[in-house]
Structures are given as structure tokens and as C-alpha cells.
S.K.: 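There's a structure below that I have some questions on.
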Amino acid sequence: MGYLEFHRRSIEQPDEFWGEQAGLVDWHKPFDQVLDYSNPPFAKWFVGGEINLCHNAIDRHLAERGDQQALIYISTETNTERIYTYRELHTEVQRMAAVLQSLGVGKGDRVLIYMPMIPEAIFAMLATVRLGAIHSVVFGGFAAHSLATRIDDAQPKVMVIADAGMRAGKVVPYKALVDESLRLARMPPEKVVIVNRGLDQQLAIVAGRDLDYEALRAAHMDEQVPCTWVESNHPSYILYTSGTTGLPKGVQRDTGGYAVALAASMKYIYDARPGETYFATSDIGWVVGHSYIAYGPLIFGMATVVYEGTPIRPDPGIWWKIVQDHKVTVMFSAPTAIRVLKKQDPAWLHKYDISCLRYLFLAGEPLDEPTARWISDALGKPVYDHFWQTETGWALITGMPGVERTATKFGSPSFAAYGYDVRLLQVGTGEELGSNQKGVVCVVPPLPPGCMSTVWGQDERFRETYFTDFPGRLIYTTFDWGIRDEDGYYFILGRTDDVINVAGHRLGTREIEEAVSAHPAIAEVAVVGVADELKGQLPLAFAVVKDPAAIATAELRARLEKEVMAKVDELLGAIGRPCHVHFVTQLPKTRSGKVLRRSIKAIAERQDPGDLTTLDDPLGMQQIQSAVDQPASREKK
Ligand code: AMP
């Protein structure tokens, strides 16, 4: 069956289509109904079915693949390599599950995981869902304040952390930051389990609260912890993502729909086979890490690579060495990483035998044409651009070589994935657009299995945020602009909202603005994302100070800029740090007081600022212009 026919069937006969895909995973009790969409936009998949993600990722493979490699851990930071077979993974996950259980974790409880890329992080995720509990992994780059916000929203019973991570040879201590977040949180968990890697020499232990994982594990070495069967719609995890407000949303994922969606994607999108090795270079703190490091490959009976390190250490051949040594067949990465590699000697790409590799998929941010062309030529393998979001949990617009090897076009992620009824709609009217007309990329609900079920604890926010852009109709908006050419290929043209994408990481400009404003000298600030050759976008801040004396000299301005950056590091994490903080005396606003972020961004990127008739006072815009014209603003901090 060709792609078009496959897609049409998924949309026109969803019950039959997804009912068949459900056979790719194990059910403890069969479901009664494929889809219950009686309460739109809340789609319930595989209603009444009982399932467990951990069973599907590990236990069900034991008979056939007990001695097969399941988890390949490689750290070029600590020079460690450890391989776990499915049987060994089963044992380790049961130990972790027993530890969590001994701390009172049970069905529906939350476990917050704040860890670097080490096997124990994956054990903790799998152990949590084994118990029917719900994990919330927070990316290790987020600072104490961001972590505290997530703790308060998820209200975990237990946190599992590591003493430290490592990045580019430097130790990144986690524990002190966790202590600070627990001091800030209104409802801190009672217990913190620490995987002590021995990296943080100053580790301070809070008696009664902090527990050493190694000691706990030793007390549960032979424990058998059966899987807790949960109804298909029971939440498996919460993953926070940025939006237009300062408060991140907890994307809630179900269990059965997610398992089916991931298994189907391994077959139809990645064209993978059980027994092979899958290598996603992401981090467990992001959705790709959830779907394609922790769960997807294991559910499909593959080995998954857990890599701690950068793409260029010890040398820029490291990824290809991993591909060669572990016979990786499918690889998943992000355009930023490829742009980093593009700056290195291309000879590194040919040093290793990568004939085993079938495909490279790239997602998370726009894949620019020169980068796509470079990597395709250099690898000599199909490279697929891949459009998706934390919300969808798996690809929304993508090439699907497992269905049909359609030709790719540079700059395009190809076609709507099966299950997604994608439309391009005109803002405001909701009119459906034809070829080569720019509109908002939308999905006619119900969303397929695996997509977010709601915002954690806030059903109304889910409906309101994603489904109410077109009055009178429930339509899911991706908040991305797009265009479809005459051959049906989609092109993604950037966000419609104030979300920016730095090196594939999504950040809300409001969150960064809140962090900048937390500096006592700052009265007001506007943060915009500006184009960057390497990272796609970078945050840039324009701040108004309370007292002009604070920026009277170049020296004072430089000092304040540093302080503001440090504030962002402290509250949000270095990933949110603006590349520059320009000081102005007023921001350009409309007469109704709205900051004209889009025009600021245009000026910062040296483009046409568009219609400025609503501008209250031209001085604000002039100041932005002179700030970006300063020579200093062209080099990066
Ligand atoms: P996140 O939820 O962090 O994965 O961010 C999702 C956002 O990243 C999308 O809404 C897009 O703006 C952007 N994005 C992801 N993949 C692509 C892609 N292949 N091309 C263009 N933009 C992308």
C-alpha cells in the first residue's frame, strides 16, 4: 500500500486502522473500544484495555530476547561503556522499582527525575511506569527556580536525581541546585534518591530526606516487582513544555495509545526491525528522549543507545564510531548538532564503516537546506526532516520509508503522518488554504494515539490553549506557520506565537522575560528570538532600567548586562540566557500598551518591521534600531 492510501485509511477508518496497530503491543486485558471521542477534544484510545509500558518495553521480550542487547550506555564524559541485555535491564529496573515502592510510590503517584544521560535515569523512568506511577523528567539544564515550578505542579512523592552531570569535560553539579529548588518549592517531596556518580566532591546530604541509591539498591537485589496493569488512558508521564505564558504546561501522556503509537512509528516511520540498534542523540529531558531513547526502541525489541557526551568529543567522529561499533541502523538527531559537525573536517564522516546505517532523521527545529544537503551528500543515506512537538509525542509531518520510500525535498519534512488529518488554515477565518498559501499548521481532531491527552491537572487549559483558535470549531493548532507546495510537500515556516527554538530546545520568551525582570534594576523587558547560524535562534533582550544612573557608562552597562545574564542562568538555566541585553529607555508599544515583539524581532534580524501605524511613540522603535546598530551587538557573548 502506498503512502496516500495508507494515510487515507488511517483518517477515514481510524477504528480499523488503529485497532490493527494495537496488535503491535501486548495487552493484559483487551480494550473494549478503539476510540472514545464523546467528550471532544479529549480523545480516549483503546478504552478498557489494560497494559503496562514497562512490560511492553522489557518483560514481553524476555523469552525471545533475554540475552539480546537492550541498553547501550556510552559516556565520552566519564569514558564509560556499559551494555545491558534485556534480562539485565529487567533486573535493574525491578531493583529501582523495589526502591521506589519501598518509599511508598504506587499507582498514580508522581516521581520527578532530574538526571543526566546515565542508565539509572532510564531505569527510573521504566520503574516508575512499571508501578503504574507517573514520571516527570526535568531536563538537567533547567535551574532551581524552573525545577521548583515543575515540582509544585507535579507534586512528586519522590525525586530521583544524580549528584552531577558532565558536559564537555566539566562537572555540572545537580545536587546543590536540587536543594535550592526544594527550598523554593511549596510542596517538596519527602524523599530524594541520589545516584552518586562520585563527581560532586562537595555533596551535602540532608539527613532523613536524601537517600543513597546504591545502598537502597543493595537492599533490593533480588526483588521481583510485578507490573501494575493500568487502563490504557492512565497517565504514563508529564513532560513540561514552554508556551506563551510564563508557566510551563505539563503535557500529559496516556499509556496504551502511546505504546501503540511508538510501536507503529518504529515500523512505518523509521522502518526499523527488532534486534537492531537505534541511536537518538537527544536527552531524556526532552520528548525525543522519552519516545526514542527510553521507550520506542525497547517496545519494538531493539537496542537503544544512551549517549552522554557531545558530537565532537573526543573527536568529531564519535557518533559515526558509535554507529559502526554498535551497528546502528536508524539514527535520530537535531539540525543544530549537524550544523556543529558541518564546521568540522568532513573526513571524520568517512573514517568509520557506517554501511549498517539506513536512515538519519532530524527533528526539533527547522532543517535548513544547506545543512540538509550537506549531511545527505556526506552520508550518502536518506535523511528525513521530521516535524513534531512535545505535544504530539511522535512525528506529525515526516517521510515514512516504512510505508513508502517517497522522494524528499530539501527544506520539507514531506507529508502528514498517518493518523493526522493535517490542514493549513488561514488565521482568523479558519479558511482552508490551497497550494503555496501560507497558513497555520492544524490538525482536525481527534488527535491520534500517543498525542497529549490533556494539560496535567488543567483540562480547560488544554482545550483553551490548543483548540479554540477558530471560533465555532475545535481544531488543534500547532502554532507553526506552514505552506504546502503543489506536490503536497509541507514546509514549516516558524512559530505563530512567542515561542522560540534555541538549538532544538523550545523556550517561551515570556519565561525569559520573567527571569530578566527578576533583576532588581530592570523595570521592563522584551525578549525576542533572532536567527542564528548555528543554533537556529537565540534569545535577545531589550530592557528598560528603573534608574537611568544604572546604565550611565559603558562599564555600568556591561556590568548590568552580565548580572542580568547571571539572573537568567540562576532562574531558568543557561539555555535561556540572552545573547545580548540591550538597555533602552522605552519599548515600542501599541497605543493599547502591547509590546511590538514581532517588529522588534524584524529590526534585530535586519528585516522590514512591517506595519508600525499602531505604534504609540516612534522613539521606542528608534532605540531598538540604534541598539542593534551598535557594533558590539553583532558579536555573541
Ligand atoms: P518541541 O515541543 O520542543 O519539540 O518543539 C516543537 C516545535 O519545534 C514545533 O512547534 C516547531 O516550531 C519546531 N520544530 C520541530 N520540528 C521541526 C521541523 N522538522 N521543522 C521545523 N520546525 C520544527
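In each ligand, atom 1 is the first atom listed, and ligand 1 is the first ligand listed. Because the structure is a prediction, the values reported are computed rather than measured. Index from 1, following the sequence.
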S.K.: Judged on heavy-atom distance to atom 10 (O) of ligand 1, which of D480, I492, L367, T496 sits nearest?
M.R.: D480
S.K.: Are any non-hydrogen side-chain atoms of I293 and V288 less than 4.5 angstrom apart?
M.R.: no
S.K.: Going by the order shown, which atoms of ligand 1 are within less than 4.0 Å of some heavy atom of N501?
M.R.: 8 (O), 13 (C)
S.K.: Tell me the contacting part of E365 for ligand 1: side chain, backbone, both, or neither, using a 4.0 Å heavy-atom threshold, strictly below.
M.R.: backbone
S.K.: Considering the options F361, F410, F415, which one meets the ring pair (Phe, Tyr, Trp, His ring centres under 6.0 Å) requirement together with Y384?
M.R.: F361
S.K.: Less than 6.0 angstrom separating the ring centers of F42 and Y37, yes or no?
M.R.: no
S.K.: Quick one: which ligand 1 atoms are inside 4.0 Å of a heavy atom on T390?
M.R.: 1 (P), 2 (O), 3 (O), 4 (O)
S.K.: Which heavy atom of the protein is the closest neighbour of atom 3 (O) of ligand 1, given with residue, atom name and distance?
M.R.: R506 CB, 3.2 Å
S.K.: Could you tell me if any non-hydrogen atom of P413 lies under 4.0 Å from any atom of ligand 1?
M.R.: no
S.K.: Which part of Q389 is near ligand 1, with near meaning a heavy atom under 4.0 Å away: side chain, backbone, both or neither?
M.R.: both
S.K.: Test the R150-F142 pair against the cation-pi criterion, namely NZ or CZ under 6.0 angstrom from the six-membered ring centroid and within 45° of the ring axis.
M.R.: yes
S.K.: Is it true that Y237 and H135 have ring centroids separated by less than 6.0 Å?
M.R.: yes
S.K.: For D385, take its heavy atoms, then give the atoms of ligand 1 lying under 4.0 Å from any of them.
M.R.: 18 (C), 19 (N)
S.K.: Give a yes or no on whether a salt bridge exists between E391 and R506, defined as a side-chain N under 4.0 angstrom from a carboxylate O.
M.R.: yes
S.K.: Examine T241 against ligand 1 and note whether any of their N/O atoms are separated by less than 3.5 Å.
M.R.: no
S.K.: Between E514 and R510, does any side-chain N to carboxylate O distance fall below 4.0 Å?
M.R.: no
S.K.: At what distance is the nearest protein heavy atom to atom 16 (N) of ligand 1, and which residue and atom is it?
M.R.: G364 N, 3.1 Å
S.K.: Tell me which one of F491, W388, W286 gets a heavy atom nearest to atom 6 (C) of ligand 1.
M.R.: W388
S.K.: Provide the number and element of each atom of ligand 1 under 4.0 Å from a heavy atom of R495.
M.R.: 9 (C), 10 (O), 12 (O)
S.K.: Can you check whether L262 reaches F300 side chain to side chain, under 4.5 Å on heavy atoms?
M.R.: no
